[in-house]
Number of protein chains: 2
Amino acid sequence: MQTKDLIKGTLNTIILNLLKEHGQMYGYEITQEVKRKTDGKILIREGSLYPALHKLLADEMVITEEVLVGRRSRIYYKLTSKGHEQTIEQTTELIGFLDTVALLIYPGKKLAHG
Amino acid sequence: MQTKDLIKGTLNTIILNLLKEHGQMYGYEITQEVKRKTDGKILIREGSLYPALHKLLADEMVITEEVLVGRRSRIYYKLTSKGHEQTIEQTTELIGFLDTVALLIYPGKKLAHG
DNA sequence: AAAAATACATAGACAGTCGATACATAGACA
DNA sequence: TGTCTATGTATCGACTGTCTATGTATTTTT
């Protein structure tokens with residue numbers, strides 16, 4: 001299991017892309033959506049997620065809105081315009097990197113995108 | 001520039017795959033080959049490479065052979081059978097991870113392999 | 001009533017990569 | 001002759017991002 005090492009550097013971009021796709025999400029929802037989409041292959045822990053979200057907030061990539069559901073509060077995260085730009089930039093870079101790594105580990109193959 | 005974060009967790013697998021492809025390589029050769037193959041997009045530093053190689057040696061994934069070229073010594077690294085197994089295992093896992101991430105950042109697309 | 005799921009959060013540990021630095025040989029060029 | 005660049009191995013300390021473990025509290029299910 002080296003998957004936990006692989007996640008490094010990609011978590012942020014994954015979060016940003018999910019927010020872009022869904023418009024707004026709360027923390028627990030993000031962990032469940034990643035779990036669902038990846039069929040349990042990638043599990044984001046609270047100890048990884050919340051610090052990452054707080055940093056995105058501090059960097060003004062997202063804004064938050066607290067919503068009470070019953071007596072429990074949810075904190076929704078939504079991209080700012082700066083966050084949108086950053087999402088595009090980071091995603092481009094990540095795709096480029098994935099391409100490049102793919103190139104190194106099975107020569108002649110590339111990511112199918114476009 | 002987050003590329004340096006992305007490399008985390010992939011460096012080992014990249015090295016193993018290069019050794020598998022080339023039979024044997026020395027440190028400096030690895031840095032140059034990665035630079036060449038990735039068109040300068042991935043640069044492996046000495047401070048990253050040598051600790052990684054030393055760990056592979058300690059884990060018996062590679063064996064070394066010192067060769068004198070003129071008065072300068074090169075240390076060639078070659079996969080052991082254990083290293084071969086590990087290469088296959090890690091590569092499979094990495095490809096799976098790349099697939100999964102691709103899934104998260106552009107839905108519906110997958111790595112072209114097989 | 002107990003257990004599991006939902007929902008947020010933080011602290012400390014850990015590991016991997018980088019930047020900087022070091023030493024030495026070799027070749028090119030002025 | 002002297003200097004610069006490339007070749008080649010190597011280590012140290014710093015940084016940073018993720019994980020494990022833990023905590024609190026509410027809601028739903030059994």
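Residue numbers start from 1 in every chain, and the chains themselves are labelled A, B, ... in the order their sequence lines are given, proteins ahead of strands.
Checked by atom type, the side-chain pair A:T13/A:Q90 shows a donor-acceptor distance below 3.5 Å. Between the side chains of B:E29 and B:H22, no donor N or O sits under 3.5 Å from an acceptor N or O.
When rounded to the nearest whole Å, the span between CE of A:M25 and P of C:dC8 equals 11 Å. Straight-line distance from the CG atom of A:L49 to the P atom of D:dG17: 15 Å, rounded to whole Å. Atoms CG (A:L53) and C1' (C:dC8) sit 11 Å apart, rounded to a whole Å. Rounding to whole angstrom units, CG of residue A:N12 and P of D:dG17 are separated by 8 Å. Taking atom CD of residue B:E33 and atom C1' of nucleotide D:dG8, one finds them 17 Å apart after rounding to whole Å. Rounded to whole angstrom, the span from the CG atom of A:L56 across to the C1' atom of C:dA9 amounts to 16 Å. Atoms CD1 (A:I7) and C1' (C:dA15) sit 16 Å apart, rounded to a whole Å. Rounded to whole angstrom, the span from the CG atom of A:L6 across to the P atom of C:dT17 amounts to 10 Å.
Comparing atom distances between the A:I75 side chain and each of C:dA9, C:dT10, D:dG8 picks out C:dA9 as nearest. Nearest to the side-chain atoms of A:Y77 among the listed nucleotides D:dA10, D:dT7, C:dA9 stands C:dA9.
The shortest distance between the side-chain N/O atoms of B:Y26 and the OP1/OP2 oxygens of D:dG8 is below 4.0 Å. Contact between the side-chain N/O atoms of A:Y50 and the OP1/OP2 oxygens of C:dC8 is found at a separation under 4.0 Å. Within the 4.0 Å cut-off from OP1 or OP2 of C:dG19, at least one side-chain nitrogen or oxygen of B:R45 is found. Between A:H54 and the phosphate of C:dC8, there is no side-chain N or O to OP1/OP2 separation shorter than 4.0 Å.
Using a 4.0 Å heavy-atom criterion, one finds that B:R74 contacts the sugar-phosphate atoms exclusively. Note on A:R71: only backbone sugar-phosphate atoms sit closer than 4.0 angstrom, heavy atoms only; bases stay farther off. Within the nucleic acid shown, B:G27 comes within 4.0 Å of sugar-phosphate atoms alone, with no base atom in reach, counting heavy atoms only. Backbone-only engagement by A:G70 is indicated by non-hydrogen atom pairs under 4.0 Å involving sugar-phosphate atoms exclusively. Residue A:E46 is in base contact, counting any heavy-atom pair closer than 4.0 Å across all strands shown.
Mapping B:L11 and A:R72 onto DNA chain C via the closest heavy atom, the residue that lands nearer the 5' end is A:R72. Comparing A:G47 and B:P51, the nucleotide of DNA chain D nearest to each residue sits closer to the 5' end for B:P51.
Using Watson-Crick or G-U wobble geometry with both donor-acceptor distances under 3.5 Å, C:dA24 finds its partner in D:dT7. The pairing partner recorded for C:dC29 is D:dG2, the criterion being a Watson-Crick or G-U wobble arrangement whose two distances lie under 3.5 angstrom.
Counting heavy atoms from C-beta outward, B:N17 and B:T87 have side chains that approach closer than 4.5 Å. Proximity of B:I15 to B:L49: side-chain heavy atoms (C-beta onward) are separated by under 4.5 Å at one or more points.
Ion pairing of A:E21 with A:K37 is present here, as a side-chain N (NZ or NE/NH1/NH2) and a carboxylate O approach within less than 4.0 Å. With respect to A:E85 and A:K82, no salt bridge is recorded, no charged nitrogen being found less than 4.0 Å from a carboxylate O.
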